[in-house]
Undergrad: 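One structure is given below, represented as structure tokens, and several questions about it will come after.
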Amino acid sequence: MIKTLKIEFEGPDSVEVSGEYVKQFKNIDNFRLDENGDMIEARKLVIVLDKNANKEYNDGFSSEQTVFDRITSFNDIVDFEIQDEESEHIVFTNYEDDRCGNNKNQYTKIDENGDLHILITDNEDLVPSGFTQPNLIPIDGVTDNENSWF
């Protein structure tokens, strides 16, 4: 049984959810191990978080944001740290960068009960209707000069 689930985002940002709010954490494909057999990369994952996990979230920059707002606004989950009664496991997502730092393989939806569903898959055919990705605008064609502060 999951005691805590820590969701790590790209960069120093993360959120921790009590295991009582993890309704489902299911691998729907095979795991891949590295040459040492330590690190796990999941090709397809389904995670469902109970609506009660949607607590206030403060990343130090924005206010009035919840955990679900953070997860559905950005596609940047890099891994899940699962702590159970005996040990801790790290499950890495199949992170495919879209040139803007977003994971092309991450989809989310909030169901009619308010529960958050997270799907990580590299196969768009496995994405059920209702799952979405945030509409992030890439900064194509902008040179470093245009983005500099000086």
Undergrad: Going through the checks in order, is the side chain to side chain contact (heavy atoms under 4.5 Å, CB included) test met by K44 and D122?
TA: CA-CA 7 Å; K44 294 164 186 70; D122 57 358; 3.3 Å; yes
Undergrad: Which pairs pass salt bridge (Lys or Arg N to Asp or Glu O under 4.0 Å) with one or both residues in residues 100-114, sequence neighbours excluded?
TA: E96-K104
Undergrad: Stepwise, does the side chain to side chain contact (heavy atoms under 4.5 Å, CB included) test hold for D76 with R70?
TA: CA-CA 10 Å; D76 63 344; R70 171 60 179 89; 2.8 Å; yes
Undergrad: Under a 3.5 Å cutoff, is there a donor and acceptor pairing between the side chains of Y21 and D115?
TA: no
Undergrad: Check the pair F80 / I90 against side chain to side chain contact (heavy atoms under 4.5 Å, CB included), numbers first and verdict last.
TA: CA-CA 6 Å; F80 298 91; I90 299 176; over 6 Å; no
Undergrad: Does Y107 share a hydrophobic cluster with L126, counting links as ILVMFWY side-chain heavy atoms below 4.5 Å and allowing steps through other members?
TA: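 No, Y107 and L126 fall in different hydrophobic clusters.
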Undergrad: Could you tell me whether the side chain of V15 reaches within less than 4.5 Å of the side chain of Y57, counting heavy atoms only?
TA: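 In short, these two side chains touch, coming nearer than 4.5 Å.
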Undergrad: How many angstroms lie between atom NE2 of H117 and atom NZ of K23, to the nearest 0.5 angstrom?
TA: 7.5 Å
Undergrad: Looking only at side-chain N and O atoms, does T66 offer a donor or acceptor that is under 3.5 Å from a partner on N54?
TA: yes
Undergrad: CD of Q106 to OG1 of T108: how many Å apart, nearest 0.5 Å?
TA: 6.5 Å
Undergrad: For residues N103 and N75, is any side-chain donor paired with an opposing acceptor at under 3.5 Å?
TA: no
Undergrad: Taking salt bridge (charged side-chain N to carboxylate O under 4.0 Å, His left out) as the test, write out the residues that go with D79, two or more places apart.
TA: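 For D79, no residue satisfies salt bridge (charged side-chain N to carboxylate O under 4.0 Å, His left out) once neighbours in sequence are set aside.
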Undergrad: With respect to I118, which candidate in V48, T72, I77 satisfies the side chain to side chain contact (heavy atoms under 4.5 Å, CB included) definition?
TA: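 Considering V48, T72, I77, a side chain to side chain contact (heavy atoms under 4.5 Å, CB included) with I118 is found only for I77.
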Undergrad: Hey, could you give me the CG/CD distance between L5 and E20, rounded to the nearest 0.5 Å?
TA: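 It is 13.0 Å, given to the nearest 0.5 Å.
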Undergrad: In Å, rounded to the nearest 0.5 Å, how long is the span from CD of Q65 to OG of S73?
TA: 6.0 Å
Undergrad: Measure the CD1-CD1 distance between I47 and I120 for me, rounded to the nearest 0.5 Å.
TA: 6.0 Å
Undergrad: What distance do L49 atom CG and I71 atom CD1 have between them, rounded to the nearest 0.5 Å?
TA: 6.0 Å
Undergrad: Take E81 and E8 through the side chain to side chain contact (heavy atoms under 4.5 Å, CB included) test and state the conclusion after the steps.
TA: CA-CA 8 Å; E81 294 181 14; E8 294 276 345; 3.3 Å; yes
Undergrad: For F74 together with F9, are the ring centres under 6.0 Å from each other?
TA: no
